[in-house]
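Taking it in order: structure first as structure tokens, then the write-up.
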Amino acid sequence: MIALTGLNLEEMREYAVSQGLPAFRGNQICQAIQKGLTFEEMTVLPVSLREQLALHAVAQPVRIMSRYVSQSDDTVKYLFALRDGNCVEGVLMHYHYGYSLCISTQVGCKMGCKFCASTLEGCVRNLSCAEMIGEVICANRDLGHKGRVGHIVLMGAGEPLDNYDEVIRFLRLVSREESCGVGLRNISLSTCGLVERIRDLADTHLPVTLSLSLHAPNDRIRKTIMPVANRYSMDEVLSACRYYVETTGRRVIFEYALIGGVNDRDEDAKELAGRLRGLQCHVNLIPLNTVKERNLKGVDEQTVQRFLHNLEKLHISVTRRREMGDDIAGACGQLRRKVLRQPDQKTAALTADGGDKNETQLFNEYE
Ligand code: SAH
């Protein structure tokens, strides 16, 4: 089965021709796919043709399984169902500059960060380019006349640079007009710091923003919360970031989740400022979302402000991340875990999704 959301216009026209159709059918299918239509809903095509296509192709590889709307703002958290019975999360946020969608790049994650819920069961599999585009199409269809996704952050479940080839395919396709038309400059990719891949990404010259999950001022602290720090030292990570800045001319964003008693002291801020000196960058302070399976505490607002002022005094550009939809956001990965623990909800969701026995069996692997 080929998932058509992963094809660009030329590939879609070639696909149409390979099915014995005139190439213009490819244009029609491409437009319909972007609207989020299933084959059944593609009424511009004759019924017989829709049936023929459905034998070997999937129009929409992602469906919305459930959606949670924040009471405090317009934030929507989605649980997306994939065709093999897996599910991933996404979050749609409404900013003054438009809609921004946070997408997942893997089912689970194998990086093992101690504060993160997405990695608790390891990585099940990579998402394909077609599935990542599918997440955006789902949000666009859900938005309807309200607007379209204009910004994307690769900050949901998964380590994007651990799924490098499909993520690069996604970046090249999602920015095309016939696809989702989200400009690369409006896309941020967040990584825990896979050094070789950061350099590879820089060499592609795709003008995305690199966000680096640093979370510590030195290797000693970083190793206690991020296993990846045993593989790459902070010096190696920061030198890859420097290469990214030099190659792309774009500043790097450092993400720093404040964890009580771990990385929130005044001397941590000072050490961090020293490490970042001379690097064209910005620090994003994130109040930790507590994960109940993890034994880590967040910090109070006073600590956030103190840390922020310490960095400012040392001339580091820094902001505190705004919290969106705090009643529904929770820690990324929690929603999927909740579904995995509730077999009834799984089955119901799959039935609604047209899931077959096979899909249900795949789901059961996690019980
Ligand atoms: N694997 C990538 C992208 C996914 S995580 C990465 O590591 O960057 C997206 C961001 O959320 C990262 O900065 C991550 O460190 C942060 N994060 C994960 N769990 C969190 C939590 N419980 N509270 C606050 N931030 C968290």
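Remember, it's 1-based here, ligands and their atoms both numbered in the order they're listed.
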When you look for heavy atoms under 4.0 Å from ligand 1, do you find them on the side chain of [X], its backbone, both, or neither?
X    : result
V291 : side chain
E255 : side chain
M111 : neither

**Asked** Are H215 and F115 close enough that their ring centers fall under 6.0 Å?
**Response** yes
**Backbone of L258 reached by a side-chain donor or acceptor of N263 within 3.5 Å** = no
**Asked** Under 3.5 Å, side chain of Q106 to main-chain N/O of V124, donor-acceptor pair present?
**Response**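 A pair under 3.5 Å: no.
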Subset of ligand 1 atoms that lie under 4.0 Å from at least one heavy atom of [X]:
X    : answer
C116 : 18 (C), 19 (N)
S213 : 6 (C), 7 (O), 8 (O), 12 (C), 13 (O), 14 (C), 15 (O)
C192 : 6 (C), 7 (O), 8 (O)

**Message:** Here's a test for you: under side chain to side chain contact (heavy atoms under 4.5 Å, CB included), which of L173, I152, N163 qualifies with M132?
**Reply:**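 Result for side chain to side chain contact (heavy atoms under 4.5 Å, CB included) with M132: N163.
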**Prompt:** Is the cationic atom of R197 (NZ for Lys, CZ for Arg) positioned less than 6.0 Å from the six-membered ring centroid of Y164 and within 45 degrees of its normal?
**Reply:**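 Ring-cation test returns yes.
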**Quiz item: cation-pi between R50 and F39, 6.0 Å / 45°** = no
**Asked** Going by atom types alone, do S233 and D235 pair a side-chain donor with an acceptor below 3.5 Å?
**Response**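 No, no side-chain donor-acceptor contact under 3.5 Å.
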**Message:** Judged on heavy-atom distance to atom 1 (N) of ligand 1, which of P287, G158, C109 sits nearest?
**Reply:**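 Closest candidate by heavy-atom distance is G158.
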**Request:** Report the member of K114, M155, H215, R321 with the shortest heavy-atom distance to atom 9 (C) of ligand 1.
**Result:**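 Of the listed residues, M155 has the closest heavy atom.
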**Prompt:** What do you reckon, does G156 put a non-hydrogen atom under 4.0 Å from ligand 1?
**Reply:** yes
**Close N or O approach (N289, ligand 1; < 3.5 Å)** = yes
